[in-house]
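Read the structure below first, then the notes.
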Number of protein chains: 2
Amino acid sequence: MNELLYVLDTKNSVPLYKQLYLFIRNDIRASIIANNQKLPSKRNLSKFLGISQNTVQTAYNQLLEEGYIISIERKGYYVSQLEDIIKYETKIFTDSKIKINELPVKYDFSINSVDQSSFPYLIWRKLFKETINESDETLLQAVGFQGDENLRESIAYYLHQSRGVNCSATQIIISSGTEFLIQFIIQLLGKNVVYGLENPGYDKLRHVLKMNNSKIIPLSVDSEGISLNDVKINDINVLCITPSHQFPTGTIMPISRRIQLINWANNSDDRYIIEDDYDSEFKYSGKPIPSLQGLDNNGKVIYLGSFSKSLAPSIRISYMVLPQSLLQSCYINLSFMLCSVPLINQKMLNRFIVEGYFERHLNKMRTIYRRKYDILIQSILELNQDIEIFGADAGLHILLKVNNGMTENELVDIARKNGIEVYGLKSYYIDQYLNAEYGYILIGYANLSETEISRGISLLGSIWFKES
Amino acid sequence: MNELLYVLDTKNSVPLYKQLYLFIRNDIRASIIANNQKLPSKRNLSKFLGISQNTVQTAYNQLLEEGYIISIERKGYYVSQLEDIIKYETKIFTDSKIKINELPVKYDFSINSVDQSSFPYLIWRKLFKETINESDETLLQAVGFQGDENLRESIAYYLHQSRGVNCSATQIIISSGTEFLIQFIIQLLGKNVVYGLENPGYDKLRHVLKMNNSKIIPLSVDSEGISLNDVKINDINVLCITPSHQFPTGTIMPISRRIQLINWANNSDDRYIIEDDYDSEFKYSGKPIPSLQGLDNNGKVIYLGSFSKSLAPSIRISYMVLPQSLLQSCYINLSFMLCSVPLINQKMLNRFIVEGYFERHLNKMRTIYRRKYDILIQSILELNQDIEIFGADAGLHILLKVNNGMTENELVDIARKNGIEVYGLKSYYIDQYLNAEYGYILIGYANLSETEISRGISLLGSIWFKES
């Protein structure tokens, strides 16, 4: 063998020598390069691949050290006897559930993204530089379960100002995702709890509850959110709701129903409401409605929030506000854990809030998203087709009912075949087989430009309502 | 009232206006400033406190907006009627279990810290700057359950090189703490599992298992780690061990016993070993012993690792290597969750490894810790007192048995009274009442300087072995 034709990627963060090493190692393992075979000389291979001799030398050294190849003086490098190598299974496990989409996606109406181009990169860089400070003795230490106290102070202040949440920093627990917080709540409330879930509703909540073998009762959602008229309501201890912007239907729960729910909770000691205020930052018309937590005088509401929508999903900072009555139990049962968010990230976010950047960012994003929202609605109306729009003027997605005779799957599939990703409602139902025959579609618009939104919708119109 | 004497802290990251605002708000709430009282003019207060009028204005504006004060034209600012203010409970909840130590700690022999002065601050800054890149479209998106693929590649490579772990990136799951990974494992293995735990052993593991109502059998630890001669061994499905550096006794499990354990696991389909390799990076003498995972050909070992010791506890990046047989179940049951580590942190760490900084850092730290370890041992020997030293030449802590007739609590208390923190062994026992009468003490030394170590030990000697 004189040549090893590998395509090395100079733009990859993996250094060239390591790429080369990995290629050769894999080929040796897969017996593509056979036992005792001679490898090309460093000089030849470096010429052939257009890389430095040094790079080849480093790759060969690595292979030598691990015993994949041997060096024979004045002769060169040879592949070892394969038996001498600890071989291991490198079979790639692929998730059969993941759909492989070969078509390039032109317009992704994802409901889980934010406007990436508006992220405050410059400020983030500045804050990191200011935060990573050798003289800060706390910086490398793990943080206790609840999270950094300053950040909790800031969150308490922010929540009070913008969401009417009444709490002190001691009631706040910071973690790296709503999933984890829900798991904490399950552990706090114990085994004998029956959870009432919005149907359709937030799928991750359902998954975490099921994973923990919690009892679940689905409650249907009307145009004002979850209804108390459901007969099953009295079997439930803990209601899980998204009153600010119901996920996924997008309705906002009016104040009258909020008071009803608070009264329901007040009727029994073991009743609680989990208020997931996940998408509360963006409301484009009317007065802001304060959180349910703000209406609660009896410690009945557990409030959940996150920075996934207001900053970015990759930030991984969520928090909950516990009522005083649950704090003691929280300390006793959970405080052995450490806060899962790296301290430096918490300190950066705290500066971001304290120094006023967060408020400015939210204001900026509100303007950007409102414009996108308006364009989205206008584009749909301009199609002049039988499409119903659900949800309030809020949040980062809307719900459509497309009345063209297609099922949800058909609508999603035909869109995908034309390079557009839209999302069905089905998977957010606890009983997933229901409603699939109707054409409900979720449309997120945060990370598409205004032009992309109007072009994408116009294309969807022509696909879904083709003249036949 | 003409003066508001508040001490504002210019070095605090909380801006002055906010400090002032909080002071006044709290005083209004606590009725220290009464209803309808006039506040000092901006000019007077700014002079009095030595801050700008602008700062006072901003604080007053905030109070105005929230309704705490009102502005009366040509008269000034007045505190509102208190009844109009939404008051909320700011009672501070304090954890009664936290001991308040009024004495300043001169020497903290903490077993949970690292050498803070050696953290690669400069490189970390550089890597952040390189990583936060507007053109990286993935940066703001949440990462799937397993974590960033490049980082998993790097970890797989590192583990293979330095710990003899045989795995591919697809087997790795990244999370923000061992606690979370253990919780995943509990969910993967199901309800009917009996866990065998080292006694004494890692307390967080025990807490997580108890929190999940898992069945636990304690197994005693001898000078070679956990023993298979225990009669209870056959009731156990899953052994949880720390063979590289037993926590907390510090022993290293010899290869013979490792093979025994692997054979035990191979004897039944439902048996697994959880190998927590938490402190494997630092071994100061003898040859490195490869991980148990590397000896396992049948997919019996779940390997746990973290960067808490090798970088810093606040990094919050841990990982596990699952055997192929558990991957499918992991995908089905857990893949709805998102990875809890922020992507930017994962990307930074990946660069840190790929660009060779991690290896260099480890080498540097090995030298630093070895010197500290030697000085620690030497200082103890120089006391020339009846102190037994346990544990191998490895890791970042040692175990002492102090034979001066004091109990563990007495040893810890008298040290604390003299400004030295040392840590008892008791809390790492499952049956905590046992062994407390013996004087077992844990000594961590990572974050003390060489001088501090020798001075601290010398002081401990004079306290514990006072001529009476």
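Here is the naming used below: chain letters follow the sequence lines, and residue numbers restart at 1 for every chain. All values derive from a computational prediction rather than experimental measurement.
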Can you say whether [X] sits under 4.5 Å from chain B via the side chain, the backbone, both, or neither, judging by heavy atoms?
{"X": "Lys210(A)", "value": "neither"}
{"X": "Val354(A)", "value": "both"}
{"X": "Gln161(A)", "value": "side chain"}
{"X": "Asn212(A)", "value": "side chain"}
{"X": "Ser340(A)", "value": "both"}

Count the heavy-atom pairs under 4.5 Å between each of Leu338(B), Val208(B), Ile315(B), Asn333(B) and chain A, then report the option with the highest count. Leu338(B)
Which one of Ser318(B), Gly356(B), Ala312(B) has the most heavy-atom pairs closer than 4.5 Å to chain A? Ala312(B)
Rounded to the nearest 0.5 Å, what separates atom [atom1] in [X] from atom [atom2] in [Y]?
{"X": "Met337(A)", "Y": "His207(B)", "atom1": "CE", "atom2": "NE2", "answer": "11.0 Å"}
{"X": "Leu343(A)", "Y": "Arg316(B)", "atom1": "CG", "atom2": "CZ", "answer": "10.5 Å"}
{"X": "Leu311(A)", "Y": "Leu140(B)", "atom1": "CG", "atom2": "CG", "answer": "9.0 Å"}
{"X": "Lys18(A)", "Y": "Tyr157(B)", "atom1": "NZ", "atom2": "OH", "answer": "6.5 Å"}

Below 4.5 Å from any heavy atom of chain A, which atoms of Asn297(B) appear? Answer side chain, backbone, both or neither.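 No part of Asn297(B) comes within 4.5 Å of chain A.
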May I ask you to list the residues in residues 179-189 of chain A that approach chain B closer than 4.5 angstrom, counting heavy atoms only, ordered by number? Glu179(A), Phe180(A), Gln183(A), Phe184(A), Gln187(A)
Is it true that a side-chain atom of Ser176(B) and a backbone atom of Val341(A) form a donor plus acceptor pair closer than 3.5 Å? no
Do Leu334(B) and Met211(A) pass the side-chain contact (heavy atoms from CB on, under 4.5 Å) test, and can you show the C-alpha distance, the side-chain angles, and the key distance before you say yes or no? CA-CA 8 Å; Leu334(B) 298 175; Met211(A) 188 167 78; 3.3 Å; yes
For a quick test of reading the model, state the closest non-hydrogen atom pair linking Asn345(B) to Pro342(A) and the distance between them.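 That would be ND2-CG, 3.5 Å.
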Between Gln62(A), Lys347(A), Arg125(A), Glu137(A), which has the largest tally of heavy atom pairs under 4.5 Å with chain B?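 Most pairs with chain B among the choices: Arg125(A).
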Pick from Gly177(A), Gly164(A), Ser154(A), Cys339(A): which one has the most heavy-atom pairs with chain B under 4.5 Å?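 That would be Cys339(A).
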Output the residues of residues 127-135 of chain B for which the shortest heavy-atom distance to chain A is under 4.5 Å, in residue-number order; output 'none' if no such residue exists.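 Contacts with chain A: Phe128(B), Lys129(B), Ile132(B), Asn133(B), Glu134(B).
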Within a strict 4.5 Å, meaning less than it, do heavy atoms of the Leu139(B) and Ser314(A) side chains meet? no
Looking at Glu355(A), I want to see if its CD is surrounded by more than 12 non-hydrogen atoms of other residues, nucleotides or ligands under 6.0 Å.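 Atom CD in Glu355(A) is packed in, count exceeds 12.
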